[in-house]
Amino acid sequence: MNSPRKFAQPLLPFLRDGDGVTAFEACGLRVDFSRQRLTQDDLARLVDFANGLGLMEAHHAMVQGEIVNKSENRAALHTSLRSQDPASPHFDEVKEARDRAYAFAESVRSGKWTGCRGDTITDVINIGIGGSEVGPRAVYHALMGLPQPIKVHFLSGVDGVQLDRILYGLDPFRTLVVVSSKSFHTRETLVNASVVDEWLAAAGITGSSRDRHVIAVSANPDAYKDLRIPVENLYPLWDWVGGRFSVWGSIGIPDMIALGTDVFNQFLSGAYEMDRYVYDAPVAENISALLALIAFWNATRLNITLQCVLPYDERLRIFVSWEQQLEMESLGKTTRADGTVIVGNTGQAVWGGHGDESQHSFYQWLREGTGRTSIDLISCEKPGHSHEELHRVMIANARAQAEALVTRDPSMPWFNGVTTISISDLTPKTLGALMAMYEHKITMLGTLFGLNPFDQPGVEFGKKLSREAENRLREDA
Ligand SMILES: O=P(O)(O)OC[C@H]1O[C@](O)(CO)[C@@H](O)[C@@H]1O
């Protein structure tokens, strides 16, 4: 007779087992927590805990511009980048910058802005990494059309193969380069910018003609000097916006050019609608607060340290990478804002992939391994294509797997909690709402853990060692 498994995990309650609401709708999104592993009483206690902690007060303080990023002595005002409320912090400054970016984007789209020889622009190379890359790439991948008149290519790491594959076949006279870096100190971005410069120069695009092909986005006012471009080719970002929260502003210029400013406006208005809803909804009915509370419960009570994001839609493939940086760079910390050490789990490790593909990849591990995972399974009711049969099978998979991923024999060591997120129709608006919903989940989790979700001190040490290693390699060369 098989000996009982060492880590057998008894059956845990589902939220759906109790009487009470388990699904919530806002801004075209339906979020269903019924397959998460807690009781309605547990959830009620979490809501009391959040209210006792002043979760919504902390959220309001962030949106109103208080210095919530204490270690860097900064506000965190990504909400202002999409606000339609003239009373919101920096409203005029943001509007002026947006109007400038929109005017530029539309001049490129209309062909009014041409390359130095008068050619219309057909390709944009975004040179940037982290928050200066994955947000605009996620939006472009979600909303790009067929055909896509102006294509965007994302050059991020210092990887010559990525560079060669991007430049291959590109016409420098029809290419616009957007160098995006909040700090303008990021090694990868600066090295890539200089190599792409050589590519332009090899075609004879130098000096003033280069000004038709290179712009920059940065919070560093001297960026234009470093890049030797006219100041009017610099589009601002501000230190009161975190890099991983910055897609809503000038960092989104490649998307404004490729998708159009109407689409970008809808994207912003979807996020603003979510901001209004999250700002006003009480914790017990607030989707972002509930996502945060259940993640907090999973991490601190159920020792679930893994968050798996599974979109059943090609358009959300890159969204997983965006959410990974957002969540892990924000919550991968063990000290509170006051410096005291947090005992126990904090931010979860985020991973994932296209849901349907993942079924034939790591679902074996999710269903019979020894892990504990919280899963966001995302699907779109209305497909982004006209292949009815494909959509029928995709939706069937998404719905069935949500159940399969929580169905198990109590002797098994693994267990999962599943949240399903159903998007009525993935439009620029609902994409904005989805991304804003996750941003608020993350900043609220910062409050629940007591940590600062807006800095990333842990990345500096590796950068320092990299620079030293680079210098040694240069000396030895
Ligand atoms: O926009 P920048 O300043 O080039 O930084 C790029 C990325 O690098 C990081 O600082 C991490 O190294 C991220 O926080 C940021 O999004």
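We count ligands from 1, going down the list as the structure has it; atoms in each ligand are counted the same way. Since the structure is predicted, the reported quantities are computational estimates derived from the model, not experimental observations.
- Salt bridge annotation for D85-R276: absent, with no cationic side-chain nitrogen under 4.0 angstrom from a carboxylate oxygen.
- For H354, there are no ring-ring contact (aromatic ring centres under 6.0 Å, His included) partners at least two apart in sequence or on another chain.
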Contacts table for residues 248-256: side-chain donor-acceptor under 3.5 angstrom, sequence neighbours left out:
{"from": "W248", "atom 1": "NE1", "to": "E439", "atom 2": "OE2", "distance (Å)": "2.8"}
{"from": "S250", "atom 1": "OG", "to": "P236", "atom 2": "O", "distance (Å)": "3.0"}

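- Residue pairs meeting the ring-ring contact (aromatic ring centres under 6.0 Å, His included) criterion with at least one member in residues 82-102, sequence neighbours excluded, are H90-W240.
- Classification of the F173-H213 ring pair by plane angle, with boundaries at 30° and 60°, yields perpendicular.
- Ligand 1 is surrounded by I129, G130, G131, S132, S181, K182, S183, T186, Q325, E329, Q456, V459, K463, each with at least one heavy atom closer than 4.0 Å.
- Using a 4.0 Å cut-off between charged side-chain N and carboxylate O, E470 and R467 make no salt bridge.
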